[in-house]
Number of protein chains: 2
Amino acid sequence: MQRACSTELNCPAARSLESVGDSWSMLILRDAFQGLTRFDAFQKSLGVAPNILTRRLKHLTTEGLFERRLYCERPPRYEYVLTQKGRDFFPVMMALFAWGSQYLPPEEIAMRLGNPETGEDREPLLIDRVTGRAFSPEETVIKPGPAADEVVYERIAHMRAWFLGFDA
Amino acid sequence: MQRACSTELNCPAARSLESVGDSWSMLILRDAFQGLTRFDAFQKSLGVAPNILTRRLKHLTTEGLFERRLYCERPPRYEYVLTQKGRDFFPVMMALFAWGSQYLPPEEIAMRLGNPETGEDREPLLIDRVTGRAFSPEETVIKPGPAADEVVYERIAHMRAWFLGFDA
DNA sequence: GATAGTAACTTGCATTTTGATAGTTACCGG
DNA sequence: CCGGTAACTATCAAAATGCAAGTTACTATC
């Protein structure tokens with residue numbers, strides 16, 4: 001993608017996308033959350049070309065989402081296990097899953113999220129940890145952080161829409 | 001990307017990625033949540049090539065996240081406003097933002113999420129709407145939905161890891 | 001009325017990334 | 001020695017992206 005501008009702003013969302021901002025990476029993570037750890041397993045599950053998979057796994061490893069672990073010395077065999085950083089990506093995955101489910105006709109939904117004990121549907125909801133209230137755009141503003149520079153301040157300055165909701 | 005296999009499984013997460021599965025789309029949405037609606041505004045903010053922006057906006061529009069609205073008849077000028085589907089993507093964006101913030105050194109964080117009234121930090125947390133408890137991998141299983149076929153059943157069958165957590 | 005500016009694009013072409021297929025390394029088991 | 005498995009690498013064609021310039025349809029200014 002060869003970005004520059006977005007990165008310089010140090011926007012956390014843009015930064016995230018540098019780690020996981022292509023669909024294969026996301027799908028690899030999806031499968032990792034389902035317990036897959038091995039090259040072949042990912043390859044078979046995703047139908048991705050091995051060279052691409054190699055590249056992605058390498059990238060996700062250098063970005064700290066996976067740990068490449070030797071699980072067999074002779075012959076040398078490696079597996080890819082999620083690190084804490086990788087596991088912490090879970091909410092993003094679930095939010096994406098939920099959004100997809102929301103806008104897929106019910107008869108096309110092949111998977112849903114359930115409670116492991118009762119089997120009941122689970123529906124993810126994003127709230128504010130402090131207030132416990134829904135994390136709505138109306139109640140959320142972007143504020144400058146420690147690394148904010150002029151560009152960021154200017155950017156934040158004209159974000160009225162965020163305050164006013166979206167019924168423009 | 002030219003997928004086939006993943007789509008056929010009708011996994012909602014994979015489906016989502018067909019709409020927004022490239023970094024530009026995500027960044028466009030990020031800016032849209034900040035109130036941007038116009039071609040030029042997106043272009044200047046992102047530094048993306050105009051042909052790419054055209055393609056992405058067109059795609060996001062056909063996927064139903066944006067509505068292309070004529071805001072000036074003569075000369076014809078269009079703006080891109082988020083639809084309900086687009087606005088519903090907000091939690092995904094926030095989860096991504098939060099994950100990025102979590103793993104960025106504090107001195108590199110240029111933006112943070114705050115309460116518009118108090119200015120205090122807001123921290124998104126994913127919970128289950130029904131139980132109100134944290135949406136953890138340990139308490140979440142994937143279940144077959146209406147469109148589940150043999151492949152899906154087989155896939156779900158060996159997802160023990162999801163039950164057991166990740167401390168393999 | 002000619003020139004400059006704005007907004008939303010399109011076109012052409014070089015560069016980059018991806019995808020498909022085949023091949024490699026290092027074993028094991030019969 | 002032969003086939004099988006696992007994790008790759010190599011090669012090359014195809015597709016996507018990035019850049020710069022051009023286009024259309026105006027409005028506003030000199």
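Note that these values count all heavy atoms, side chains included, but never hydrogens, waters or copies made by symmetry. We name chains A, B, ... by the order of the sequence lines, and we start the count at 1 in each one.
When the C1' atom of D:dA7 is taken as reference, atom CZ of A:Arg56 falls 18 Å away, rounded to whole Å. Rounded to whole Å, atom C1' of D:dA15 lies 14 Å from atom CG of B:Asp22. To the nearest angstrom, P of D:dA7 lies 10 Å from CZ of A:Phe42. Distance CD1 (A:Ile52) to P (D:dA10): 14 Å, rounded to an integer number of Å. Across the protein-nucleic acid pair, B:Leu57 atom CG and C:dA8 atom C1' stand 10 Å apart, rounded to whole Å.
Of the side-chain N and O atoms in A:Tyr71, none sit less than 4.0 angstrom from OP1 or OP2 of D:dA6. Contact check, B:Thr54 against C:dT10: a side-chain N or O comes under 4.0 Å of OP1 or OP2. An OP1 or OP2 oxygen of C:dC9 is reached within less than 4.0 angstrom by a side-chain nitrogen or oxygen of B:Arg68. Remark: B:Arg38 is not in phosphate contact with C:dT6, judged by side-chain N or O atoms under 4.0 Å from OP1 or OP2. Distances shorter than 4.0 Å separate some side-chain N or O of B:Trp24 from OP1 or OP2 on D:dG18. An OP1 or OP2 oxygen of D:dT5 is reached within less than 4.0 angstrom by no side-chain nitrogen or oxygen of A:Lys44.
Nucleic acid contact class of A:Tyr80 (heavy atoms, under 4.0 Å, all strands): sugar-phosphate only. As judged by a 4.0 angstrom heavy-atom cut-off over every strand, B:Phe39 is placed among the base-contacting residues.
Each ring pair (Phe, Tyr, Trp, His ring centres under 6.0 Å) pair with one or both residues in residues 36-64 of chain A, not counting sequence neighbours, would appear here, but there are none.
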With sugar-phosphate taken as primed atoms, P, OP1 and OP2 and all else as base, the protein-contact string of nucleotides 25-30 of chain C at under 4.0 Å (heavy atoms; B, S, -) is -BSS--
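Residue B:Asp40 is the one, among B:Asp40 and A:Asn51, whose nearest nucleotide of DNA chain C lies closer to the 5' end (criterion: closest heavy atom).
When the side chain to side chain contact (heavy atoms under 4.5 Å, CB included) test is applied to B:Ile127, the partners found at least two apart in sequence or on another chain are A:Leu125, A:Ile127, B:Leu125.
Of the possible polar contacts, one joining the A:Arg122 side chain to the B:Glu139 backbone as a donor-acceptor pair under 3.5 Å is found.
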